[in-house]
Amino acid sequence: MEVRIKDFNVEMEVKTKGIEFEVRDNDGSFLGDCYITKTGLEWCNGKISQGNGKKISWTKFIEEMKKMD
């Protein structure tokens with residue numbers, strides 16, 4: 001599976017280390033981090049460190065999203 005970031009007209013392949021997104025609510029309170037890698041996604045709630053969060057493969061993520069249609 002290939003995962004790419006498209007932003008500011010730049011296209012890059014996501015590698016093993018991935019990309020980290022910090023997630024905050026509308027009040028600015030920190031909720032957790034979402035890591036996107038070439039193998040899937042990982043949600044780290046609160047101060048949980050990468051590698052200890054909830055993981056989902058791209059295949060499973062896509063299946064779950066299709067159920068929402």
Side-chain angles (χ1 to χ4, degrees):
M1 196 155 305
E2 243 183 45
V3 180
R4 296 184 180 271
I5 299 169
K6 293 184 179 180
D7 191 20
F8 301 108
N9 295 321
V10 175
E11 188 174 325
M12 299 170 47
E13 183 178 352
V14 174
K15 301 288 184 173
T16 304
K17 189 172 179 181
I19 300 164
E20 176 182 357
F21 291 90
E22 181 178 286
V23 180
R24 293 181 177 266
D25 66 14
N26 290 335
D27 296 325
S29 297
F30 178 70
L31 298 174
D33 294 311
C34 183
Y35 296 90
I36 311 283
T37 67
K38 68 179 186 177
T39 58
L41 296 88
E42 178 179 4
W43 172 251
C44 295
N45 197 44
K47 295 187 177 189
I48 293 175
S49 59
Q50 186 177 14
N52 297 311
K54 302 220 182 230
K55 298 176 186 175
I56 187 169
S57 71
W58 283 111
T59 304
K60 183 69 174 170
F61 175 75
I62 293 166
E63 287 173 8
E64 293 299 317
M65 296 308 292
K66 284 181 178 180
K67 289 179 187 177
M68 298 176 79
D69 285 340

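Checked against side chain to side chain donor-acceptor pair (under 3.5 Å), E22 has the following partners two or more places apart in sequence or in another chain: R24.
Heavy-atom minimum distance, V14 versus I36: CG1-O, 3.5 Å. Shortest non-hydrogen contact noted between S49 and C44 is O-SG, 3.6 Å. Listed here is the closest heavy atom pair of C34 and L41: SG-CD2, 4.3 Å.
One hydrophobic cluster, built from ILVMFWY side chains closer than 4.5 Å, holds both I19 and W58. Hydrophobic clustering (ILVMFWY, side-chain heavy atoms < 4.5 Å, transitive): I56 and F21 are in one cluster.
Judged by distance alone, the side chains of T37 and T39 do bring a donor and an acceptor atom under 3.5 Å apart.
In this structure, D27 contributes its side chain and S29 its backbone to no donor-acceptor pair below 3.5 Å. Not one N or O on the side chain of E42 forms a donor-acceptor pair closer than 3.5 Å with the backbone of D33.
The residues K60 and E64 are annotated as salt-bridged, a charged nitrogen and a carboxylate oxygen being separated by less than 4.0 angstrom.
Taking 4.5 Å as the limit, every side-chain heavy atom of F30 sits out of range of all side-chain heavy atoms of D25.
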